[in-house]
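Scroll down for the structure; my scribbles are underneath it.
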Protein chains: 2
Amino acid sequence: MQPEIRNILTSLPPALSGESFETIAGSDTVRIERIVSNGQATPEGEWYDQERDEWVIVLAGSAGLLFDGHQEPQRLAAGDHILIPAGCRHRVAWTDPDVSTVWLAVHFAAMPGTCGPC
Amino acid sequence: MQPEIRNILTSLPPALSGESFETIAGSDTVRIERIVSNGQATPEGEWYDQERDEWVIVLAGSAGLLFDGHQEPQRLAAGDHILIPAGCRHRVAWTDPDVSTVWLAVHFAAMPGTCGPC
């Protein structure tokens with residue numbers, strides 16, 4: 001049997017069903033995840049503070065990513081990617097309210113010595 | 001300092017410079033790689049036979065992926081992704097000759113028990 005081809009930009013969940021998180025591949029050391037946002041943001045005052053490194057790319061739509069200690073979110077659109085080191089507090093300030101924003105995230109153990117605030 | 005945003009679809013190497021392989025993030029257990037092809041294919045009769053699992057997505061362009069024992073390559077276009085288990089012999093039968101094909105590949109240790117021919 002051949003490995004199955006799937007498309008990350010199709011079979012999107014209905015916008016009204018909220019933000020969607022789906023693990024699409026991985027192992028015990030890495031997790032590859034599709035996130036679909038429809039205007040959602042991290043709740044005000046809350047931050048992601050992760051134990052693992054996260055590499056993330058926006059494949060469709062757009063979003064604003066805010067890092068702790070900074071005033072303005074950075075805008076990500078299709079093709080934009082960023083490595084968020086473990087311990088680097090961040091929040092999603094906004095996602096496009098009009099179209100689905102499709103993120104691909106790869107979570108993996110932090111490299112020794114790279115963990116810490118950004 | 002904030003993590004830096006880069007774009008995976010820009011700063012493509014010149015088509016004439018051949019196929020390009022660039023590690024863009026990773027650790028000792030995972031490697032995230034951008035591959036840019038311009039019509040290249042795996043040399044006739046050669047196969048990839050990898051010790052690690054590889055999850056791969058085509059972000060631009062198109063390509064044909066052939067698995068050992070099968071007659072016809074499977075076509076991948078933008079957004080199409082596939083998990084190639086370790087030990088699953090495969091080759092790139094073709095890539096788009098007219099536009100750059102941008103692949104994102106994530107290489108990681110095979111899950112115990114999943115290694116083997118496909």
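Keep in mind that what you see is a predicted model, and the values were worked out from it rather than measured. Just so it is clear: chains get the letters A, B, ... in the order the sequence lines come, proteins before strands, and each one is counted from 1.
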According to the interplanar angle, ranging from 0 to 90°, do the rings of B/Tyr48 and B/His90 count as parallel (below 30°), tilted (30 to 60°) or perpendicular (above 60°)?
-> parallel

Chain A interface, residue from B/Leu9, B/Ile84, B/Val30 that has the most non-hydrogen pairs under 4.5 Å = B/Val30

In terms of heavy-atom pairs under 4.5 Å, which option from B/Ala78, B/Gly69, B/Gly79 contacts chain A the most?
->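 It is B/Gly79.
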
Of the backbone (N, CA, C, O) and the side chain (C-beta and beyond), which part of A/Ala60 lies under 4.5 Å from a heavy atom of chain B, both, or neither?
-> neither

Given that the side chain runs from C-beta out, which part of A/Ile57 has a heavy atom under 4.5 Å from chain B: side chain, backbone, both or neither?
-> side chain

Is the closest basic N to carboxylate O distance between A/Arg6 and A/Glu22 below 4.0 Å?
->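 Here A/Arg6 pairs with A/Glu22 in a salt bridge, since their nearest N and O are under 4.0 Å apart.
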
Gap between atom CH2 of A/Trp103 and atom CD1 of A/Ile8 - 0.5 Å precision | 13.5 Å

When you measure from the side chain of A/His107 to the backbone N and O of A/Ala105, does any donor-acceptor pair fall under 3.5 Å?
-> no

